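The structure appears right after this line, and notes come after that.
Only a predicted model underlies this, so the values are computations on that prediction, with no experimental measurement involved.
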Amino acid sequence: MAEMDRFLAGFELRDIDADGIRIRAATGGSGPPLLLLHGHPQTHATWHAVAPRLAERFSVVAMDLRGYGDSEKPEGGERHVNYSKRAMAADAVAAMRTLGHERFALVGHDRGGRVAHRLVLDHPDAVSRLAVFDIAPTATMYARTDKAFATAYFWWFFLIQPAPLPERLIAADPEFFLRTHVEGQSKTPGSPSPELFAEYLRVYSDPATRHAICEDYRAAATIDLEHDAADADKRIEVPLLALWGAKGTVGRTYDVLATWREKALDVRGHALECGHTLQEERPDLVLAALEGILSTEFAV
């Protein structure tokens with residue numbers, strides 16, 4: 001009997017072989033395929049309030065990125081290549097193909113949005129439309145870093161330090177570090193719920209997860225920037241929706257739509273009245289905003 005997801009009502013949990021990497025995913029619903037990618041330090045459970053509603057119209061796949069949740073956590077490899085967004089995007093494409101989905105709509109929050117950006121560049125025929133939550137493009141954010149951003153997003157510069165410095169410091173009190181991070185980014189009282197935070201802490205308590213997260217950020221500051229520079233002239237051709245939290249750092253620091261219009265041909269979007277984790281803080285507004293980009297107007 002299939003194992004049912006504790007957080008995504010009606011979804012089944014499964015392990016998928018993504019070209020040799022084991023990816024944990026929750027699947028549910030029927031209709032056109034839709035892939036949901038979480039951010040840091042979340043897991044696929046972050047979609048608990050929106051995935052069941054989306055599953056009324058779509059075949060929804062919510063996966064744990066490699067290194068996160070219950071997915072496999074390979075070593076970082078030379079120059080952190082195994083946590084490049086290129087490698088993580090390849091996991092997502094392989095997992096979707098294993099499930100029989102050659103082309104799909106794609107929604108990514110935070111790190112998942114960065115994987116989604118790389119995925120649509122490397123595999124443009126696989127994506128029908130794209131939504132990214134509370135991010136500007138990685139290269140743009142690094143290039144325009146100032147004191148305010150570095151202070152607010154200090155982990156971008158802490159987690160990239162050579163191993164094992166951040167790993168050992170976080171290990172002194174993982175729950176304190178995780179709670180400080182999550183509560184600092186959420187601007188909605190009660191979000192995440194105690195049950196959801198406990199799930200994030202369960203996987204974050206694994207030293208392999210914390211090391212993989214550091215490798216993700218190390219890759220973002222090195223090999224990912226090289227890949228982005230090589231593709232600087234490429235433009236995303238599918239419709240792109242950018243949403244961000246009006247109370248968060250990204251919206252205060254960047255003209256979010258302008259940054260994405262430098263990277264894509266068809267961009268729309270707006271701020272939501274919340275902090276960083278839109279799908280947890282304002283799932284109602286997220287669902288309403290996704291209605292347009294996922295409508296039949298843009299059907300495959």
Side-chain angles (χ1 to χ4, degrees), residues 5-11 13 24-29 33-65 68-69 71 92 104-117 119 129-136 178 181-201 203-204 240-251 256 260 268-295:
D5 195 285
R6 293 191 300 117
F7 291 93
L8 277 60
F11 278 62
L13 283 173
R24 172 63 59 89
T27 60
L34 169 61
L35 176 60
L36 306 178
L37 299 178
H38 66 85
H40 164 258
Q42 289 81 25
T43 70
H44 77 270
T46 192
W47 303 106
H48 68 96
V50 298
R53 290 281 304 280
L54 292 169
E56 296 171 4
R57 295 174 49 203
F58 299 95
S59 293
V60 178
V61 179
M63 59 174 271
D64 290 342
L65 298 169
Y68 289 80
S71 285
F104 47 88
L106 180 57
V107 178
H109 168 246
D110 187 75
R111 311 308 290 176
R114 303 188 190 287
V115 174
H117 184 194
L119 193 158
R129 68 218 81 163
L130 173 64
V132 293
F133 292 178
D134 212 56
I135 63 169
L178 180 65
H181 181 92
V182 169
E183 292 182 353
Q185 289 203 296
S186 175
K187 305 303 178 185
T188 303
S191 178
S193 67
E195 295 79 12
L196 192 57
F197 179 82
E199 173 65 4
Y200 297 155
L201 180 60
V203 293
Y204 201 77
L240 185 151
L241 173 70
L243 302 176
W244 63 95
K247 302 176 183 179
T249 298
V250 171
V256 179
W260 284 108
R268 67 208 71 183
H270 55 272
L272 305 184
E273 283 299 315
C274 61
H276 175 64
T277 317
L278 284 63
Q279 66 278 5
E280 296 179 8
E281 298 181 56
R282 293 306 306 266
D284 54 337
L285 297 182
V286 166
L287 287 164
L290 286 175
E291 176 65 28
I293 200 76
L294 298 177
S295 70

Exercise for review: Start with the C-alpha distance between Leu13 and His44, add both sets of side-chain angles, then the distance that settles side-chain contact (heavy atoms from CB on, under 4.5 Å), and finish with yes or no.
Suggested key: CA-CA 11 Å; Leu13 283 173; His44 77 270; 3.8 Å; yes

Practice item. Could you go through the side-chain contact (heavy atoms from CB on, under 4.5 Å) check for Leu285 and Leu278 one step at a time? Key: CA-CA 8 Å; Leu285 297 182; Leu278 284 63; over 6 Å; no

Exercise for review: Tell me, with the steps shown, if Leu241 and Trp260 meet side-chain contact (heavy atoms from CB on, under 4.5 Å).
Suggested key: CA-CA 9 Å; Leu241 173 70; Trp260 284 108; over 6 Å; no

Point to revise | Worked check of side-chain contact (heavy atoms from CB on, under 4.5 Å) between Val250 and Ile135 | key: CA-CA 6 Å; Val250 171; Ile135 63 169; 5.6 Å; no

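A side-chain contact (heavy atoms from CB on, under 4.5 Å) with Tyr68 holds for exactly one of Arg111, Gln42, Arg24; it is Arg111. Checked options His38, His40, Gln279, Arg114; the residue passing with His109 is Gln279 (criterion: side-chain hydrogen bond (donor to acceptor under 3.5 Å, both in side chains)). Applying the side-chain contact (heavy atoms from CB on, under 4.5 Å) test between Phe133 and each of Asp110, Thr277, Val107 identifies Val107 as the sole match.
Judged by distance alone, the side chain of Thr188 and the main-chain N or O of Cys274 form no donor-acceptor pair under 3.5 Å. No donor-acceptor pair closer than 3.5 Å links the side chain of Asp5 to the backbone N or O of Phe11.
Using a 4.5 Å heavy-atom threshold, the side chains of Leu294 and Arg129 count as touching. Residues Pro41 and Val182 meet the side-chain proximity criterion, which asks for heavy atoms closer than 4.5 Å.
For Ala92, the side-chain contact (heavy atoms from CB on, under 4.5 Å) partners at least two apart in sequence or on another chain are Leu35, Met63, Leu119.
Within the structure, salt bridge (charged side-chain N to carboxylate O under 4.0 Å, His left out) contacts touching residues 278-289 (residues at least two apart or in different chains) are Arg282-Asp284.
Pairing each heavy atom of Val50 with each of Pro283, the nearest pair is CG1-CB, 3.6 Å.
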